[in-house]
Protein chains: 4
Amino acid sequence: MILVLKSDITPVEVKRLEEKLAWMGLHAVPSQEEGRYVLTIVHGTDKQVQAEQFIQLPGVDQVLPLTQKYKLTSSEVKKQRTVIQIGNQSIGADHQVMVMAGPCAVESEEQMDITAKHVASAGATVLRGGAFKPRTSPYDFQGLGEIGLRYMQVVAKKYGLLTISEVMSIDQIDVTASHIDILQIGARNMQNFNLLKAMGETQKPILLKRGLSATYHELLLAAEYILSTGNSQVILCERGIRTFEPYTRNTLDIAAVPVLQSLSHLPVVVDPSHGVGIRQFVPALACASVAAGAHGIIVEVHPNPEQALSDGPQSLTLPQFSDMMVSLQAMAGALNKSIAK
Amino acid sequence: MILVLKSDITPVEVKRLEEKLAWMGLHAVPSQEEGRYVLTIVHGTDKQVQAEQFIQLPGVDQVLPLTQKYKLTSSEVKKQRTVIQIGNQSIGADHQVMVMAGPCAVESEEQMDITAKHVASAGATVLRGGAFKPRTSPYDFQGLGEIGLRYMQVVAKKYGLLTISEVMSIDQIDVTASHIDILQIGARNMQNFNLLKAMGETQKPILLKRGLSATYHELLLAAEYILSTGNSQVILCERGIRTFEPYTRNTLDIAAVPVLQSLSHLPVVVDPSHGVGIRQFVPALACASVAAGAHGIIVEVHPNPEQALSDGPQSLTLPQFSDMMVSLQAMAGALNKSIAK
Amino acid sequence: MILVLKSDITPVEVKRLEEKLAWMGLHAVPSQEEGRYVLTIVHGTDKQVQAEQFIQLPGVDQVLPLTQKYKLTSSEVKKQRTVIQIGNQSIGADHQVMVMAGPCAVESEEQMDITAKHVASAGATVLRGGAFKPRTSPYDFQGLGEIGLRYMQVVAKKYGLLTISEVMSIDQIDVTASHIDILQIGARNMQNFNLLKAMGETQKPILLKRGLSATYHELLLAAEYILSTGNSQVILCERGIRTFEPYTRNTLDIAAVPVLQSLSHLPVVVDPSHGVGIRQFVPALACASVAAGAHGIIVEVHPNPEQALSDGPQSLTLPQFSDMMVSLQAMAGALNKSIAK
Amino acid sequence: MILVLKSDITPVEVKRLEEKLAWMGLHAVPSQEEGRYVLTIVHGTDKQVQAEQFIQLPGVDQVLPLTQKYKLTSSEVKKQRTVIQIGNQSIGADHQVMVMAGPCAVESEEQMDITAKHVASAGATVLRGGAFKPRTSPYDFQGLGEIGLRYMQVVAKKYGLLTISEVMSIDQIDVTASHIDILQIGARNMQNFNLLKAMGETQKPILLKRGLSATYHELLLAAEYILSTGNSQVILCERGIRTFEPYTRNTLDIAAVPVLQSLSHLPVVVDPSHGVGIRQFVPALACASVAAGAHGIIVEVHPNPEQALSDGPQSLTLPQFSDMMVSLQAMAGALNKSIAK
């Protein structure tokens with residue numbers, strides 16, 4: 001249920017209305033849309049309350065039903081695209097494509113330095129790297145932990161990059177947030193609801209990856225957990241879904257880009273590395289993602305993929321990354337967009 | 001890598017061998033198999049160490065390669081079926097089928113009392129009920145929390161039942177373990193690796209549900225996280241996978257029963273309620289599960305499904321549950337098995 | 001649209017009503033249901049004609065909307081289960097389970113003789129065997145053709161069995177129908193609509209396999225092609241669907257048994273051999289199929305699976321088949337059913 | 001098995017070698033690759049014959065194993081991309097993108113005339129339209145048949161377009177080939193092997209659509225049926241696969257473009273209309289397809305989609321098609337390609 005308030009309503013009257021709703025057992029989130037105050041009722045059962053009850057409240061101009069179960073995430077509630085400011089960069093604006101690049105796992109300071117230097121000079125603005133690694137097997141490399149985050153922070157500063165890294169559990173949030181600019185929730189944790197809520201309480205931008213077999217609807221409801229806890233800086237990420245096709249690691253669902261952009265106001269990026277899992281095909285899928293309208297891509301790059309401790313087969317070499325950036329820039333130009341700032 | 005030790009080796013010599021391996025950077029888990037000591041090397045990269053190195057160690061009789069990535073979970077390592085003792089019941093023995101029944105969510109003490117009384121008299125031995133509920137939407141009923149666990153404990157004691165309930169995050173483990181006999185890890189948390197490790201440190205039996213799009217291999221590696229942290233009382237649970245078929249909630253993968261039983265020594269149960277999602281078809285799938293060789297089933301039952309706060313459409317009514325138990329008993333009899341003790 | 005006719009209507013009046021409908025551009029299929037004449041309108045757009053138009057026609061008692069797109073196949077139209085008589089056997093009756101067994105491909109008369117003798121003595125009543133083989137690769141064995149059908153006819157007669165064999169194209173229908181009792185449409189041809197229509201014009205029982213990624217709805221509409229062309233002797237067959245799980249050849253959708261039986265009046269059988277693709281797991285799935293309520297199973301058996309020209313890994317040996325039949329008979333007994341006559 | 005022949009071998013010696021192989025029970029297909037004669041052995045079991053046998057044959061320079069089951073289709077056998085000449089157009093060349101557009105079903109001459117005029121002026125070079133329609137339900141519109149093909153032929157000639165239309169069964173091949181330039185095999189017939197063989201005997205270019213749940217491997221083996229019967233003018237078409245996501249009609253597997261281009265020498269096109277099934281998202285997916293490297297796209301356009309007898313929701317309006325062509329031309333330009341001639 002969305003309440004569009006009268007155009008001459010005052011902030012004090014809005015506050016009073018929120019209190020009245022709270023007294024009715026309903027939780028309303030205020031926002032402004034096209035110069036009008038809007039209250040979106042997110043808690044309390046829509047079914048039990050009638051539109052008629054609300055239209056009689058002081059200051060309410062219009063009552064709109066919400067057809068989607070996700071509310072704060074929905075483009076019905078907020079029509080303009082959310083643009084998230086991160087340091088000196090932003091993501092979500094129509095004319096910009098953000099490129100995030102780096103290794104799957106942080107392995108050493110030297111590895112991060114070489115990679116950061118190279119991707120920055122080729123046009124990336126965000127350095128990716130995993131310090132806490134979710135691994136299918138308990139016997140695989142589990143990440144360097146905090147020391148890895150520090151390496152990232154040091155080299156990112158040196159080359160003028162922002163950083164992104166994955167958080168796997170609630171106890172890793174604070175340490176990661178103290179070193180890193182964007183917190184990532186991995187595909188396997190997309191429905192780890194307690195983690196989602198805890199992330200909603202931070203003030204950091206969050207990149208939320210689609211689960212391996214999550215529908216668009218479920219991804220948006222997972223984002224809703226974060227927004228409804230108080231953090232609206234969420235970036236949605238398509239990273240391939242699980243299908244019957246055995247040749248590729250996952251099947252990149254390219255339609256997710258325009259569909260999620262139509263259902264939600266949040267920025268949408270693509271991870272072509274996990275999407276296909278084979279280095280040779282990553283550039284074609286990165287180009288396709290930009291052509292489909294993605295606000296950014298996040299891609300795995302490694303100075304020496306054969307020696308990588310994780311995801312070597314899908315990591316681009318440094319020269320491959322540079323070549324891909326040339327194609328992406330041509331592509332972006334044809335669409336009147338630019339890569340990065 | 002599995003080291004089969006000499007038949008006349010002493011416990012002291014085994015201990016010394018373990019220490020030697022630890023010094024080599026390897027972690028070995030000891031067990032006994034058919035009267036012989038066996039050491040399974042689970043940490044350290046198999047690739048880097050040669051079989052020849054091990055055969056020269058004092059007390060080693062045979063060196064067997066492990067063809068599977070999961071080790072402690074594997075039927076290659078432990079040939080006999082694991083039988084888990086829980087209170088006065090056990091699960092995993094060839095001739096027994098354990099029935100766990102109850103509502104999706106604990107709603108009130110009265111609801112639990114009615115349900116427990118009925119399912120106990122019909123032959124169930126474990127009462128299920130959710131106090132912490134993983135819900136796709138942040139606006140759906142999230143469970144009663146600890147008070148719900150207490151209701152379960154009280155009524156289970158009254159009717160001589162064991163209990164099972166889901167744990168969604170590390171901070172819920174202790175409180176749940178203090179009231180409940182079997183801890184459940186839900187499908188959405190099957191690859192929440194930090195939770196898996198924490199569960200491995202408890203001494204409670206754990207029912208691990210297969211993820212919505214998890215392969216057998218991934219399920220066994222998730223179990224491996226628990227076993228390798230020290231808890232070998234794991235029950236695997238098939239609960240339906242996600243496919244293209246829209247008619248049913250999930251597609252119950254009945255082959256998972258014999259396949260998992262052949263790949264692993266752990267007991268395997270089936271959840272036909274989530275497997276199909278439609279009340280009317282649950283009894284047929286429960287019968288199929290027992291016929292396929294399941295060690296147990298876990299099924300949703302509610303005194304008044306139309307009023308259920310969660311999963312009403314797939315919950316059996318009390319009379320439907322009784323009818324189903326009659327069929328299951330006939331089926332079990334034909335297979336020389338019995339339901340419960 | 002279903003027209004239930006007045007209880008005292010005469011056959012001449014029914015005929016006249018059909019002609020009137022034909023003049024209106026509608027094609028109606030007559031049937032009898034619980035002692036009443038019923039006309040099901042299958043051609044012509046339901047949307048354009050109003051229920052009111054029909055209730056005024058002479059002899060019409062009730063007009064029922066059809067909520068499903070499939071009509072003749074639907075259990076809304078025909079409440080009683082269809083029992084198909086084939087030679088001295090029948091399929092579809094509540095208390096019977098029909099077992100069809102034999103090799104994937106007919107290879108020689110000797111192979112068929114050995115197999116037929118064995119499966120007949122173990123309790124099968126139908127001999128399966130492929131003479132026209134749909135093979136994924138053009139370089140794989142494509143079947144013996146008509147000579148293979150003759151081998152089947154000869155040995156089936158010798159051991160008192162019925163026969164089933166696949167028809168891949170319209171030009172193979174006549175020759176197959178002249179030697180074989182039940183014609184099979186394979187999974188890859190489930191939506192070969194011209195073949196379906198041509199099969200509808202024969203008077204032979206037809207076993208229709210579910211396509212690799214066909215929904216229940218699509219399977220029933222494929223059956224509808226056959227029924228609407230004039231042949232109502234259709235047996236539906238679940239044979240596993242394609243999912244992300246790589247371990248098994250397909251994922252047997254056991255829920256298809258009770259769901260299809262509730263949506264349609266046609267008999268439902270299961271093919272556990274293609275359903276799992278691994279010999280060792282076939283008996284467990286055959287037992288599960290009978291427990292779920294299947295009217296029959298169709299299973300691959302070969303005197304020497306290692307030498308089979310097709311599908312060796314999923315074919316049971318002769319002793320394995322005998323063992324499985326013992327289990328199936330116990331299972332059927334517990335359900336008050338019997339295998340075969 | 002591939003035999004690379006000596007550089008100075010004469011055509012007569014090649015012929016003699018083929019005969020010798022035939023005598024050995026093997027069928028070899030000759031071709032020329034980089035100025036050398038090559039014989040690819042397609043029939044006869046590779047396993048039974050040893051490489052050593054072949055190297056001793058007169059004229060044989062090198063013996064290469066074939067690692068793929070598909071042979072004539074494989075990029076191992078033919079390194080250069082196949083460019084198919086169709087009238088005054090071609091498909092497969094690096095710098096060209098072919099656009100095929102038109103309605104799902106031919107409904108009237110007027111509809112085809114309006115559509116053809118519009119798509120030709122916007123830059124399409126091929127007119128699509130279905131005269132024989134594969135429909136899931138027997139009660140849906142089944143197509144105009146031959147008269148529809150004639151309408152296509154007339155309007156295509158008027159506006160200088162080529163034509164493409166689907167063939168559903170062997171008896172429709174001749175009539176379609178007499179009116180239409182490119183014959184299409186639909187997704188549901190991708191493994192209708194008898195149809196594939198019959199299509200291999202025509203000399204028309206063939207567009208082969210990927211089945212709803214076909215792997216890349218199976219698609220290439222289906223193409224192999226056509227090539228091995230004598231027709232090498234095959235265009236592969238990705239049109240979306242079936243997954244668990246209910247929002248879109250299918251999931252467009254964009255990775256199929258670069259992967260199929262690497263596995264095979266055949267041209268690859270994309271059908272974004274069936275790929276997503278919702279008009280609004282078709283242009284983004286068409287752009288993504290070109291960016292991923294597709295040799296062409298085939299898209300549904302209708303003068304009045306709301307009135308379309310088939311697939312209205314996914315058909316672009318005429319103005320939407322024009323807008324999309326502007327984007328595609330910009331995109332193609334950035335890639336140094338051009339739309340059409």
Side-chain angles (χ1 to χ4, degrees), chain A residues 27 41-46 66 68-73 132-143 167-172 186-198 200 211-215 217-229 241-244 250 309, chain B residues 27 41-46 66 68-73 132-143 167-172 186-198 200 211-215 217-229 241-244 250 309:
Chain A
H27 179 51
I41 298 172
V42 295
H43 282 289
T45 309
D46 280 354
L66 257 181
Q68 301 295 356
K69 270 198 123 179
Y70 42 90
K71 301 175 190 200
L72 304 177
T73 309
F132 303 108
K133 298 303 306 168
R135 300 305 297 270
T136 303
S137 163
Y139 310 127
D140 288 337
F141 176 59
Q142 309 270 322
V167 171
M168 285 174 65
S169 60
I170 294 173
D171 61 297
Q172 297 167 354
R188 284 167 186 75
N189 275 319
M190 193 202 84
Q191 291 193 317
N192 182 337
F193 301 117
N194 294 52
L195 179 61
L196 294 173
K197 286 181 197 167
L212 278 72
S213 64
T215 62
H217 191 75
E218 289 168 341
L219 172 58
L220 293 171
L221 282 168
E224 189 83 11
Y225 266 94
I226 304 172
L227 271 74
S228 68
T229 324
I241 56 172
R242 194 156 267 191
T243 71
F244 62 83
N250 292 292
L309 292 182
Chain B
H27 179 52
I41 299 173
V42 294
H43 283 291
T45 309
D46 280 355
L66 258 180
Q68 302 294 357
K69 271 197 122 180
Y70 42 91
K71 301 173 189 200
L72 304 178
T73 310
F132 303 107
K133 297 302 305 168
R135 300 304 297 270
T136 303
S137 163
Y139 310 127
D140 288 338
F141 176 60
Q142 309 270 321
V167 171
M168 284 174 66
S169 60
I170 295 173
D171 61 297
Q172 295 167 356
R188 285 167 185 76
N189 275 319
M190 193 201 84
Q191 292 194 317
N192 181 337
F193 300 117
N194 295 51
L195 179 60
L196 294 173
K197 286 181 198 169
L212 279 73
S213 64
T215 62
H217 191 76
E218 289 168 340
L219 172 58
L220 293 172
L221 282 168
E224 189 82 13
Y225 265 94
I226 303 172
L227 271 74
S228 68
T229 325
I241 56 172
R242 194 156 267 191
T243 71
F244 61 82
N250 291 293
L309 292 181

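All values reported here derive from a predicted model rather than from experimental measurement. Every chain is numbered from 1, with letters handed out A, B, ... down the list of sequences. The basis for the numbers below is simple: all heavy atoms, side chains too, and nothing from hydrogens, waters or symmetry mates.
If you measure heavy-atom distances from A/Asn192 to chain B, the contacts under 4.5 Å come from both the backbone and the side chain. Of the atoms belonging to B/Thr215, heavy atoms from both backbone and side chain fall under 4.5 Å from chain A.
For A/Glu224 (side chain) and B/Pro138 (main-chain N/O), no donor-acceptor pair under 3.5 Å exists by modelled atom type.
With sequence neighbours excluded, the residues that form a side-chain contact (heavy atoms from CB on, under 4.5 Å) with A/Leu212 are A/Ala187, A/Arg188, A/Arg239, A/Arg242, B/Ser213. For B/Phe193, the ring-ring contact (aromatic ring centres under 6.0 Å, His included) partners two or more places apart in sequence, or in a different chain, are B/Tyr225.
With rounding to the nearest 0.5 Å, the separation of CG in A/Asn189 from CG in B/Asn194 is 8.0 Å.
Chain A forms more heavy-atom pairs under 4.5 Å with one residue of B/Ser169, B/Ala222, B/Gly211 than with any other, namely B/Ser169.
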